[in-house]
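This report concerns only the one structure given below.
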Amino acid sequence: NRKECCENKKKYENKYGGNNYDKDWNDKLQYLCCNVAKHKAGLQNEQKIEVFTEQIDGETPSDDIIRAKRICPLIWDKFNLFRETPNLKQVIKIDTISDILKRFFMEKDENDKNVRTGEPKWVISFDEITNVYPNVEEIHFLNQYKFNNKVLENLINQIKTKNNPIKKNKISI
């Protein structure tokens with residue numbers, strides 16, 4: 001539970017060089033924080049944001065908006081249930097990760113840059129993965145992932161952490 005939206009907002013802004021979300025994404029994140037996840041820090045520190053407010057000519061919200069307000073907490077609860085207990089064996093499989101989700105499973109390696117763009121490459125972060133899946137015991141990496149020195153260093157650091165849940169990693173090509 002990263003609480004990137006409230007308690008740890010400054011930490012992640014520093015880590016990723018500011019708020020990398022546009023206003024629409026940031027509003028949605030704040031809505032989830034305050035209204036759905038009900039993070040205490042979010043309720044205290046942020047103005048309560050409402051993203052489902054479409055009203056036409058002052059009329060009551062549409063049925064879609066009413067349904068969205070009811071469904072969001074249900075989806076959030078299911079997501080939390082899944083991330084805390086992905087399955088009976090506590091195994092997750094990671095294949096291609098979209099750019100917007102990389103920060104939840106990976107970190108930038110400042111020592112390994114993309115030759116064409118000069119941007120740091122993304123590498124697996126066991127710390128970030130265990131923030132999302134706190135009880136994961138086994139991780140399978142599919143297709144494009146390499147265990148370079150940085151990833152192995154991350155794995156060693158993860159193994160050294162107190163109460164490390166990860167018992168096994170597997171790479172499939």
Side-chain angles (χ1 to χ4, degrees), residues 1-22 24-43 45-46 49 51 71-110 112 119-148 150-172:
N1 200 343
R2 293 164 53 111
K3 295 191 178 176
E4 183 176 338
C5 48
C6 53
E7 283 178 26
N8 298 323
K9 188 173 190 166
K10 293 289 182 217
K11 170 187 168 186
Y12 284 100
E13 283 179 359
N14 290 337
K15 185 174 183 174
Y16 296 110
N19 184 349
N20 291 343
Y21 299 118
D22 64 20
D24 186 47
W25 267 100
N26 198 49
D27 285 353
K28 288 176 183 173
L29 187 63
Q30 292 307 315
Y31 177 81
L32 286 172
C33 176
C34 296
N35 300 331
V36 179
K38 298 191 183 339
H39 294 156
K40 289 179 184 161
L43 292 171
N45 297 331
E46 297 290 337
I49 284 183
V51 292
I71 289 172
C72 273
L74 297 173
I75 292 170
W76 183 260
D77 290 344
K78 278 295 186 187
F79 170 70
N80 273 325
L81 180 65
F82 174 75
R83 71 177 196 84
E84 290 170 6
T85 312
N87 50 50
L88 292 175
K89 293 183 179 183
Q90 299 300 318
V91 176
I92 60 169
K93 294 182 180 184
I94 297 179
D95 201 342
T96 304
I97 300 173
S98 68
D99 288 341
I100 199 164
L101 294 177
K102 283 184 178 176
R103 65 193 290 170
F104 297 99
F105 303 99
M106 305 174 93
E107 64 186 27
K108 290 184 177 182
D109 182 359
E110 295 296 332
D112 190 9
E119 292 290 316
K121 290 184 179 179
W122 287 94
V123 296
I124 292 298
S125 169
F126 296 97
D127 182 47
E128 296 296 350
I129 291 170
T130 56
N131 275 329
V132 175
Y133 296 99
N135 301 313
V136 67
E137 293 180 7
E138 188 173 325
I139 305 171
H140 296 202
F141 297 98
L142 307 174
N143 298 319
Q144 64 190 18
Y145 300 99
K146 314 184 272 192
F147 268 33
N148 63 13
K150 177 65 176 164
V151 176
L152 292 174
E153 180 183 316
N154 288 347
L155 179 57
I156 290 167
N157 289 336
Q158 179 64 40
I159 290 168
K160 289 179 180 178
T161 60
K162 186 177 181 182
N163 300 325
N164 170 37
I166 300 173
K167 294 177 174 52
K168 184 178 178 182
N169 289 292
K170 180 179 178 182
I171 299 177
S172 300

Report task. Show your working on side chain to side chain contact (heavy atoms under 4.5 Å, CB included) between I139 and F126 and close with a plain yes or no. Result -> CA-CA 10 Å; I139 305 171; F126 296 97; 4.1 Å; yes
Report task. Go through the steps for E137 and V91 under the test side chain to side chain contact (heavy atoms under 4.5 Å, CB included), then give the verdict. Result -> CA-CA 6 Å; E137 293 180 7; V91 176; over 6 Å; no
Query raised in the report: Can N135 and Q90 be said to form a side-chain hydrogen bond (donor to acceptor under 3.5 Å, both in side chains), step by step?
Result: CA-CA 7 Å; N135 301 313; Q90 299 300 318; 5.2 Å; no
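Two residues are said to be in side-chain contact when any heavy atoms from C-beta on lie closer than 4.5 Å; P165 and Q158 meet this criterion. Taking the side chain as every heavy atom from C-beta outward, V123 and E107 approach each other to under 4.5 Å. Side-chain contact between N154 and I124: absent, with no pair of heavy atoms (C-beta onward) separated by less than 4.5 Å.
Between atom CG of residue D127 and atom OG1 of residue T161 there is a gap of 8.0 Å, rounded to the nearest 0.5 Å. The structure places NZ of K150 at 6.0 Å from CG of D109, a figure rounded to the nearest 0.5 Å. Summarising the geometry, atom CZ belonging to F105 is positioned 6.5 Å from atom CD1 belonging to I92; distances are rounded to the nearest 0.5 Å. For the atom pair CE (M106) and CD1 (I94), the distance works out to 8.5 Å, reported to the nearest 0.5 Å. Taken to the nearest 0.5 Å, the CZ atom of F141 stands 4.0 Å off from the CD1 atom of I129. Here Y133 contributes atom OH and E128 contributes atom CD; the two are 13.5 Å apart, rounded to the nearest 0.5 Å.
Among residue pairs with one or both ends in residues 86-101, those qualifying as salt bridge (charged side-chain N to carboxylate O under 4.0 Å, His left out) are D99-K102; sequence neighbours excluded.
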